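Notes to accompany the following structure.
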Amino acid sequence: LIPCVGKREEREKSVLNVLLLMALVGVMTAMWPINKFATKNGARPETLGMMTCVSGLVLSILYQAFSGNSWGNWKIWGLGLLGGFAYAMGFFVLITGCLKIGPVGLTTAMNNMGMVGPLILGLLFFGEVKSFSLLKGLGFAGIILCVILLALQSSGKNGSVSFKWFRMAFGGWLLSCMSLGCQYLSSRVEPNGYLLYTVAYFASALVILLVITVVRFRSGPNRTEILAGLPSGILASLETPLSMFLVTQFPAFVLYPVSVTLPMILVLLIGRIFLKEHMNRTCWIACIIGVLGMVAINL
């Protein structure tokens with residue numbers, strides 16, 4: 001009976017982890033319409049990010065307080081503060097700056113390619129290479145191809161690639177790698193420290209974005225930034241700890257490609273099915289390649 005119980009518990013744990021992964025994908029998918037609303041209504045990225053961090057920080061403090069976990073882990077604080085810096089400067093300053101002067105699709109792809117950071121850390125320093133295989137490598141290559149095809153398709157005539165864009169996009173990519181890398185390292189250093197990390201992460205980003213907002217705009221958030229930023233922060237306060245917990249359950253080369261790519265595909269399909277938005281042949285091919293890639297890395 002004991003082996004049977006053990007196997008049953010393992011199956012239940014696996015099912016729970018898959019459900020949590022789907023919850024993470026759902027949360028990240030829900031962020032897309034909020035960001036679209038903010039962009040359409042002229043929200044300032046830095047101030048939008050500030051409001052996101054306000055609600056994210058408040059909820060993260062509550063999560064940490066009710067968890068009863070220690071507040072004194074300096075390694076988690078250090079990684080969280082560094083990750084928050086990378087998040088604020090990489091996404092809300094550099095990447096959003098790229099969106100104004102260059103192609104939207106390629107800019108988004110550069111930000112999403114930040115998933116390479118934790119993948120490299122996992123393979124080189126945390127033994128994940130042992131479970132890596134040719135099939136998984138082909139699957140990951142398919143996911144990268146999916147992201148590139150969607151990026152090229154959505155870019156179209158919307159902006160051109162300049163040297164200034166490249167410098168900012170490359171810097172945004174490096175900071176995206178750093179942000180996700182800090183989350184990954186934190187989960188490896190202290191698997192139960194993801195709530196404390198989230199507090200430090202949002203606190204660091206909030207201070208940076210608050211200073212930028214005050215110095216650059218000399219005004220508070222407007223109605224759009226509040227309406228979009230606060231719910232975005234609620235979702236972000238769920239997304240970050242969920243992602244960090246799942247790092248301890250899945251290899252990085254499984255978790256990050258799925259959690260980054262699947263929301264992109266879902267948004268396209270939701271738009272096609274419910275909003276009757278057009279999807280050309282390239283988009284369909286990209287989605288199929290992406291799904292096959294996600295299947296391959298999970299085999």
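From a predicted model like this one, the values you see are computed outputs, not experimental measurements.
- You'll find the side chain of Leu195 stays beyond 4.5 Å of the side chain of Phe245, heavy atoms only.
- Smallest separation of non-hydrogen atoms from Ala88 and Leu209: CB-CG, 3.9 Å.
- Counting only heavy atoms from C-beta outward, the side chains of Met294 and Ile265 approach each other to under 4.5 Å.
- Under the 4.0 Å criterion applied to side-chain N and carboxylate O atoms, Glu225 and Arg44 are assigned as salt-bridge partners.
- The shortest distance between side-chain heavy atoms of Leu268 and Cys287 falls below 4.5 Å.
- Ala296 approaches Lys136 most closely through the heavy-atom pair O-CG, 4.0 Å.
- No donor-acceptor pair closer than 3.5 Å links the side chain of Ser179 to the backbone N or O of Leu175.
- Distance check, rounded to the nearest 0.5 Å: CG of Leu48 to CZ of Phe37 gives 10.0 Å.
- In terms of heavy-atom proximity, Ser243 sits nearest to Leu255 at O-CD2, 3.5 Å.
- When all heavy atoms are compared, the tightest approach of Ile297 to Gly139 is CG2-C, 3.7 Å.
- The structure places CD1 of Ile234 at 8.5 Å from CG of Leu238, a figure rounded to the nearest 0.5 Å.
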Determine, step by step, whether Lys75 and Glu190 satisfy the salt bridge (Lys or Arg N to Asp or Glu O under 4.0 Å) criterion, reporting the C-alpha distance in whole Å, the side-chain angles of both residues, the deciding distance to 0.1 Å, and the verdict. CA-CA 9 Å; Lys75 291 181 180 179; Glu190 178 51 67; over 6 Å; no
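- Under the salt bridge (Lys or Arg N to Asp or Glu O under 4.0 Å) criterion, Glu128 pairs with Arg188, not counting sequence neighbours.
- In this structure, the ring of Phe140 has its center no less than 6.0 angstrom from the ring center of Phe132.
- To the nearest 0.5 Å, the span separating CG on Leu94 from OG on Ser176 amounts to 11.0 Å.
- A continuous path of hydrophobic side-chain contacts links Leu180 to Leu124 [ILVMFWY only; heavy atoms under 4.5 Å].
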Could you go through Ile34 and Leu235, starting from their C-alpha distance and side-chain angles, then the distance that decides it, and tell me whether this counts as side chain to side chain contact (heavy atoms under 4.5 Å, CB included)? CA-CA 10 Å; Ile34 296 175; Leu235 293 173; 3.6 Å; yes
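- Interatomic distance, SG of Cys98 versus CE of Met110, reported as 8.0 Å (0.5 Å rounding).
- No donor-acceptor distance shorter than 3.5 angstrom exists from the side chain of Trp165 to the backbone of Thr107, with no hydrogens or angles considered.
- With rounding to the nearest 0.5 angstrom, the OG atom of Ser237 is 4.5 Å from the CG atom of Leu59.
- Residues passing the salt bridge (Lys or Arg N to Asp or Glu O under 4.0 Å) test with Lys36 are Glu277, sequence neighbours excluded.
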Under the side chain to side chain contact (heavy atoms under 4.5 Å, CB included) criterion, do Tyr256 and Tyr184 qualify, and how do the steps go? CA-CA 10 Å; Tyr256 290 102; Tyr184 179 83; 4.0 Å; yes
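- Looking at heavy atoms from C-beta onward, Met113 lies out of side-chain contact with Val260 at the 4.5 angstrom threshold.
- Taken together through direct or relayed side-chain contacts under 4.5 Å among Ile, Leu, Val, Met, Phe, Trp and Tyr, Met22 and Val291 form part of one hydrophobic cluster.
- Here the side chains of Asn73 and Leu196 are in contact, with some heavy-atom distance below 4.5 Å.
- A 4.5 Å side-chain heavy-atom check between Tyr87 and Phe92 finds at least one atom pair inside the cut-off.
- Residues Met115 and Ile143 form a side-chain contact, since some pair of their non-hydrogen atoms from C-beta on lies under 4.5 Å apart.
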Please assess Asn17 against Leu21 for the test side chain to side chain contact (heavy atoms under 4.5 Å, CB included), listing each intermediate value before the final yes or no. CA-CA 6 Å; Asn17 288 336; Leu21 177 56; over 6 Å; no
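- For Thr224 against Ala43, the heavy-atom pair with the smallest separation is CG2-CB, 4.0 Å.
- Here OH of Tyr194 is found 8.0 Å from OG1 of Thr248. Values are rounded to the nearest 0.5 Å.
- The closest side-chain heavy-atom distance from Ile61 to Trp71 is below 4.5 Å.
- Under a 3.5 Å cut-off, the side chain of Gln64 and the backbone N or O of Ser70 do form a donor-acceptor pair.
- The aromatic rings of Trp173 and Phe170 sit tilted relative to each other, their planes meeting at an angle between 30° and 60°.
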Apply side chain to side chain contact (heavy atoms under 4.5 Å, CB included) to the pair Val267 and Thr29, showing each step before the final yes or no. CA-CA 7 Å; Val267 167; Thr29 303; 4.0 Å; yes
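- Considering only residues two or more places apart in sequence or on other chains, Glu239 meets the salt bridge (Lys or Arg N to Asp or Glu O under 4.0 Å) condition with none of them.
- With no hydrogens or angles considered, no side-chain donor-acceptor pair links Thr240 and Tyr201 at under 3.5 Å.
- Other residues, nucleotides and ligands contribute more than 12 heavy atoms inside 6.0 Å of the CZ atom of Phe217.
- Looking at Leu81, Val199, Leu82 one by one, the single match for side-chain contact (heavy atoms from CB on, under 4.5 Å) with Ser204 turns out to be Leu81.
- Remark: the backbone N or O of Cys182 is not paired with any side-chain donor or acceptor of Ser186 at under 3.5 angstrom.
- Hydrophobic clustering (ILVMFWY, side-chain heavy atoms < 4.5 Å, transitive): Leu138 and Leu262 are in distinct clusters.
- At a threshold of 4.5 Å between side-chain heavy atoms, the hydrophobic network of Ile, Leu, Val, Met, Phe, Trp and Tyr places Val254 and Val129 in one connected group.
- The two atoms that bring Leu206 and Cys53 nearest to each other are CB-CB, 3.7 Å, heavy atoms only.
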